[in-house]
Amino acid sequence: MTPPTSFLSGMTLLNDPRQNRGTAFTTAERRMLGLEGLLPSRVETFFDQKKRIEHQISEKQNDLERYIYLQGLLEKNETLFYSILASDPQRYVPIIYAPTLATVCQQFSQIYRRPHGMYITIEMKGRIAEVLRNWPERDVRTICVTTGGRILGLGDIGANGMGIPIGKLQIYTACGAVPPESLLPIQLDIGTTNAALHEDPFYLGLRRMPPVMEELDEFVEEFMNAVQEVFPSCCVHFEDWKGTDALRYLAKYKDKSLCYNDDIQGTAAVTLAGILTALRISRQPLQEQRILFFGAGASALGCADLLVSAFMNEGLSEEEACSRLVMMDIDGLICKSRTDLLEEQRRYAFDGSSECSLIEVIRKIRPTILIGVSTAGGTFTRQVIEEMCRNTERPIVFPLSIPHAECTAEEAYDWSKGRVLYAAGVQFPAYTTSEGQILRPGQANNFYIFPGLGLAVYAARPRIITNELIIESARALADQTGEAELEQGQLYPSQSMIGQVSFRIAERLASFMFNHDLAQERTPENIVEFIKKASYSFEYSQ
Ligand code: NAI
């Protein structure tokens with residue numbers, strides 16, 4: 001192993017997580033870099049180091065402790081941290097992200113040790129560009145930003161939501177090989193409606209209510225402009241904003257700024273990918289499907305808008321496409337007679353009365369696809385699944401609510417006698433039918449999409465992210481589910497393959513960007529080599 005390329009030495013080198021190799025520094029390196037005496041004598045291989053880390057992780061009592069341990073590792077040795085995560089994403093993503101992150105966020109102020117990323121408060125309005133310049137890296141390509149307004153089913157948790165952009169960007173690197181120095185987590189501290197946090201002595205955010213909409217809009221506008229001023233062509237990834245804010249800002253910025261909303265566009269892409277794969281199994285054309293959304297919030301509207309574009313790509317008019325989608329919310333059917341609808345919901349308003357149950361709506365519109373984004377666990381009953389089975393031989397049922405699905409995989413397979421093509425927001429175990437066939441429920445996890453998209457954005461620097469690009473990401477994902485997986489009803493590739501899956505998605509998306517005049521980088525001769533060159537190496541640099 002050759003010495004690291006930096007000029008750091010001694011304790012300064014050991015304290016630099018990006019350059020530090022700890023016990024893997026060789027005898028010669030130790031002498032050359034002033035490290036003699038600062039490390040125990042044994043020189044370890046990278047493999048030895050990872051074994052010790054894995055052992056230490058396994059000794060921890062619970063995932064919260066594992067989370068704290070792993071973040072501590074990141075502060076000491078970034079390469080080891082990402083290499084451990086990438087070695088087994090199926091095991092580690094649930095620790096650095098949901099579901100562990102829900103506990104982390106609840107206790108964020110209590111377990112806080114040191115800052116990762118930036119906190120921009122509403123009180124910095126007028127000076128955001130100046131504050132962003134305090135970040136030590138100059139070439140930032142993606143910022144993940146939250147207000148903490150609606151975190152993982154915890155509601156508004158203000159500055160404690162910072163765990164989300166930190167975790168999300170760690171997945172960019174662990175699953176998509178996006179270089180970590182190009183990523184910046186930001187918490188826009190606008191205050192919180194959470195009264196308990198105002199009283200919490202440990203709470204680290206502003207103890208005030210969020211501003212009115214006009215003031216927030218001005219703040220966000222200044223933030224978006226400041227990002228482009230300080231980090232030109234950086235992508236702003238919105239994460240876990242309050243639903244109406246999320247929809248409003250995506251609509252406002254998506255055609256003029258490089259931005260992405262994972263709750264809306266990522267969910268839409270992973271859902272469309274699941275549908276496309278399911279239709280490969282049932283051998284049905286997309287343009288003939290009728291889709292019922294149970295829940296009409298940010299996720300439903302994002303999926304619906306993407307599906308309309310996908311239908312239109314198949315030759316349907318916008319009106320025909322919209323008429324294929326029907327939505328229900330907590331107050332019943334989204335229909336024209338209602339006066340409480342959001343502007344975005346009006347596009348899908350149905351002719352009819354809102355006062356009908358889910359069963360009645362299924363009987364009326366005979367959907368072939370049922371998508372649950374209602375937050376209401378257990379609402380897809382046996383009767384609902386049986387009714388879906390009357391419309392089509394292989395109904396597609398995606399109960400996406402987290403943490404409580406509208407129905408479990410076991411229930412859906414059981415009640416439909418194995419006919420349902422199923423994916424959920426949470427992972428359910430495999431199911432064996434009475435005939436002994438194994439069915440593997442898919443998990444519609446957004447991490448199938450955003451790391452690959454993030455790598456393509458990093459490499460090709462698109463000007464904006466279009467609906468067509470999001471549809472291409474869904475197609476690129478759907479194409480990666482193999483025949484053996486399809487036979488078991490599995491709608492997504494195995495999670496252990498996420499690194500390869502993300503690479504293929506990045507390749508497809510970068511090609512799409514170059515072919516559709518979206519990229520700012522020059523078209524490379526070899527797209528695979530281009531993406532490889534952009535990718536983070538999970539080993540010590542040579
Ligand atoms: P949201 O709060 O914006 O919308 C929820 C919608 O469900 C609202 O229209 C509400 O009226 C409706 N609703 C609530 N209770 C209902 C009931 N009993 N019956 C019918 N409708 C009801 O939430 P958002 O962001 O749209 O997320 C919805 C769910 O989807 C959440 O549980 C979220 O965790 C999950 N989700 C899953 C993803 C995935 O699997 N990849 C990605 C994003 C969200």
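As the structure lists them, so they are numbered: ligands from 1, and atoms in each ligand from 1.
- Near ligand 1, Arg150, Thr267, Phe294, Gly295, Ala296, Gly297, Ala298, Ser299, Asp329, Ile330, Val373, Ser374, Thr375, Ala376, Leu400, Ser401, Ile402, Gly425, Ala444, Asn446 each place a heavy atom less than 4.0 angstrom from the ligand.
- For the residue pair Tyr249 and Glu221, no side-chain donor N or O sits within less than 3.5 Å of a side-chain acceptor on the partner.
- Of the candidates Gln170, His116, Arg66, Gln170 is the only one forming a side-chain hydrogen bond (donor to acceptor under 3.5 Å, both in side chains) with Gln71.
- Comment: Glu386 engages Arg382 in a salt bridge, judged by a side-chain N to carboxylate O separation of less than 4.0 angstrom.
- The stretch residues 464-473 participates, sequence neighbours left out, in these salt bridge (Lys or Arg N to Asp or Glu O under 4.0 Å) pairs: Glu472-Arg508.
- Between Tyr448 and Tyr492, the ring planes are parallel. Angles under 30° get that label, and only those over 60° would be called perpendicular.
- Within a 6.0 Å radius of CD in Glu360, other residues, nucleotides and ligands contribute more than 12 heavy atoms.
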